[in-house]
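Below is one structure, written out as C-alpha cells; comments come after it.
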Amino acid sequence: MLITIRHLLNKNSSSRYQTGFIMPETRLRFPPSPTGYLHIGGARTALYNWLYAKKTGGTLVLRIEDTDVDRSTRESIDGIIDGLTWLGISWDEGPYFQSEFSDDHRAAAERLLAEGHAYRCFCTKEELDNKREIALAEKKQFGYDGTCRNLTAEEISSKTAAGIPSVIRFKVPEREGKIGYDDKVLGRIESSYREIDDFVIVRSNSQPLYLLCNVTDDIRDRITHIIRGQDHMTNTIKQLLLYEALSAPVPEFAHIPLTLDVKKAKISKRSHGEIVAVQFYRDHGFIPWALNNFLVLLGWSPGDDREIFSRDELIEAFTLERINRSASIFNYKKGDPKFFTDPKAIAINEHYLRTMAIEELAPMVADELRAEALWDEAYGDDKQQWFFNTLGLIRSRFHTINDFSSMGRAYFADDYVIEQKPLNKNLLKFPELAQWLPELADRYEASEEFSAEETERLAREIAESHGLPPGVIINGMRTVVTGQLAGPSMFDILLAIGRERVVQRLRKTPELYS
RNA sequence: GGCCCCAUCGUCUAGUGGCCUAGGACACCGGCCUCUCACGCCGGUAACAGGGGUUCGAGUCCCCUUGGGGUCACCA
C-alpha cells in the first residue's frame with residue numbers, strides 16, 4: 001500500500017502535488033503506558049492527535065506501551081480505553097500492544113549492534129549510580145562516561161563468557177556541531193552531539209527500552225506526525241539518532257505544552273488523585289464533548305474569539321501552528337466549595353448543558369436517572385414530550401448531568417429532600433402556611449383547569465385574601481413542592497409536576513412543621 | 001548543577017513593529033429582568049516579570065537578569 005502510494009508520488013509527484021489530488025498520508029499515534037488511569041494531560045494529547053488526524057484525513061493508531069510489565073495493568077488498559085471511548089476520541093488502528101512486538105525491538109537492537117551504532121556495556125547499575133552521585137556532588141555533568149564504548153572484541157567475549165551481564169548502549173556519533181529538528185510548535189530545536197549520552201537501548205535482561213521500542217514501533221506503524229508533551233523534547237534528540245541509524249525517515253514533531261497545577265507542578269495521578277482523571281469527569285456528570293472543548297483550549301486557540309466548537313468546527317479550526325508554547329495551568333483549588341474543578345471547565349459544561357439540543361441531552365440524563373433508579377420507561381415513550389419539556393425547564397440552573405437526579409429529583413420522584421435553608425426561610429417563618437397551602441391544594445384540585453395562568457391566579461388570590469404578599473405563598477409552595485430555595489417559574493413547575501402530585505405535596509405541608 | 005523550553009489580567013488566551021487608550025472568555029463585583037434562583041442582557045475591577053538595546057515607533061525584534069517548567073533511569 002505504502003509502496004504503491006510512493007510509487008505514484010514519485011512517478012508524477014510534481015503535478016499531483018500542485019493540483020492537490022494526492023496528499024501524503026498522515027499517520028498519528030497515541031501511545032499511553034498503562035500504569036494508571038487516563039488523565040487529562042494524556043486525554044489532551046490524544047485529543048490533539050485525533051484532531052490532527054481528522055483534519056488531515058489521516059489515521060490515528062492507539063498503541064499501548066506496556067513493555068514495563070511490572071507496572072502495566074489490565075485495569076489501566078481498560079481505563080484508558082474507556083476514557084477515550086467516553087470522550088469520543090476514536091482510533092483507526094489498534095489497540096496494538098507494544099509487548100507483542102518485542103521481536104521487532106530486538107531485531108532493531110541487533111541491527112544497531114551489528115552495524116556499529118551500539119555496543120555492549122558491562123558497567124553495573126551500582127557503579128553508574130555511584131559515579132552519578134559523585135558527579136552530582138562535585139556539580140559536574142553526570143552522563144555516561146563511555147567506559148565500555150571502545151571495548152575490544154576480545155574484552156567483550158571474555159566478559160560475556162565470564163557471564164557478566166551487559167546492556168546495549170547506543171553509540172552517539174562523535175561529531176562536531178548540532179543535531180536538531182523543526183518542531184511544529186516550538187520551531188527549530190537543536191542540541192550538540194557532545195551533550196548526548198550513550199543511552200541504554202536494551203536492558204541486561206534483554207528487554208529493549210522505551211527509546212528504542214517507541215522509535216521501532218513508530219517506524220513500523222509508519223507514523224508521520226508525533227504530537228506529544230514537551231517532557232519528551234530531550235527524548236526526541238536521541239530518537240533522531242535512532243531514526244538515522246535505522247535509516248528511517250524522521251517524522252514531524254509537535255511538542256505541546258504541559259499542563260501544570262496552580263502551584264505550577266506537573267499534574268500527575270500520584271500527586272493530584274482523581275481530580276485529574278478523565279473518569280472523574282464522567283462520574284461527575286460532565287458532557288464528554290464539553291471536556292474535550294475545555295481541554296483543547298488548554299494550550300491552543302483558534303486565533304479569534306471563538307471558544308465553543310462543535311466537533312466539525314474544531315476539526316476545521318485546529319492547526320498545529322496555533323498550539324501555544326507555554327505551559328497552561330489547570331486551575332483547580334482543592335477544597336473550593338463552589339468549584340469542584342477548574343471553573344472554566346464547569347462553565348463550558350454548563351454552556352453545553354443549557355444550549356445543546358434536548359434530544360441530545362436527554363440520553364445522558366436518562367443514563368443518570370437510570371443509575372439513580374429514577375428512570376421511568378415512559379420517559380422514552382409516551383411521556384417523552386413531558387420529559388423533554390421538563391429538561392428544558394430545569395436545565396439552566398444545573399452544572400452537570402448529575403444535578404438532574406439531585407437538584408432535579410422532585411421532578412422525577414416523590415422522595416426528594418426538603419432543604420433546610422428554604423424550609424426555614426420560606427416555610428417555618430410563616431406558620432400560617434401550614435393551613436393556607438393545603439387550602440390552595442383544595443382549590444387546585446377543584447379548579448376547572450390546571451394552567452399556568454389559573455394556578456397563578458389562584459395563588460395570588462389566596463395570598464390577597466389573607467393579606468400576604470404573593471411571594472410568601474409562591475415560595476412556600478416552591479419549598480414544599482420542590483424542596484428547594486430556587487428553581488424555574490413556580491407555575492411552570494406546577495405543570496411539570498402535575499396537578500395530582502402538587503395537590504398531594506401541598507396537603508402534606510403541616511408535616512414539615514413538626 | 002548541565003542541557004533544553006517558556007514568560008500578556010487570578011485562570012485560559014488574542015496580539016507576528018504603528019489598527020493597543022492591550023481585545024475576548026471564565027471567575028469576581030454592580031445593574032436590568034423577577035414569585036425565588038439561575039439563564040440572558042448591560043456595565044465594572046484586573047495583565048505586557050525587570051533592565052538594557054534596535055527602531056521615527058516595541059507587548060511584538062535582539063541581549064542580559066529574574067522567575068517558572070522539563071530533562072539528565074537497565075520507567076514510559
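Hydrogens, waters and symmetry mates are skipped; everything else that's a heavy atom, side chains included, is used. Being a predicted model, the structure only gives us computed values, none of them experimental. Reminder, nothing fancy here: chain letters follow the sequence lines and each chain counts from 1.
Using a 4.0 Å heavy-atom distance criterion, A:R325 is classed as a sugar-phosphate-only contact. Backbone-only contact: A:R354 has heavy atoms under 4.0 Å from sugar-phosphate atoms and none from a base. Using a 4.0 Å heavy-atom distance criterion, A:S328 is classed as a sugar-phosphate-only contact. Residue contacts shown for A:E307 include a base, since a base heavy atom lies under 4.0 Å away. Using a 4.0 Å heavy-atom criterion, one finds that A:K264 contacts the sugar-phosphate atoms exclusively. Across all strands, A:G299 comes closer than 4.0 Å only to sugar-phosphate atoms, never to a base (heavy-atom distances).
Listed by first and then second residue, the salt bridge (charged side-chain N to carboxylate O under 4.0 Å, His left out) pairs that reach into residues 471-483 of chain A come to none, sequence neighbours excluded.
Under a 4.0 Å N-O distance rule, the pair A:E461/A:R457 qualifies as a salt bridge.
For A:R322, the listed nucleotide lying nearest its side chain is B:A14; candidates were B:A14, B:G69, B:C5. Each of B:C5, B:C74, B:A27 was ranked by its minimum atom distance to the side chain of A:A347; first place goes to B:A27.
For B:G70, the OP1/OP2 oxygens have no side-chain nitrogen or oxygen of A:N235 closer than 4.0 Å.
Under the side chain to side chain donor-acceptor pair (under 3.5 Å) criterion, A:D68 pairs with A:R71, sequence neighbours left out.
Put simply, CG on A:L186 is 20 Å from P on B:U16, counting in whole angstrom units.
Spacing of P atoms, B:A25 relative to B:C41, comes out at 10 Å, to the nearest Å. Across B:C12 and B:C32, the matching P atoms stand 34 Å from one another, rounded to whole Å.
Note: A:W91 and A:F30 fail the aromatic proximity criterion, with ring centroids not under 6.0 Å apart.
B:C28 is paired with B:G44 under the criterion used here, namely a Watson-Crick or G-U wobble arrangement in which both key atom distances are under 3.5 Å. Remark: B:A7 base-pairs with B:U66; criterion is Watson-Crick or G-U wobble with both hydrogen-bond distances under 3.5 Å.
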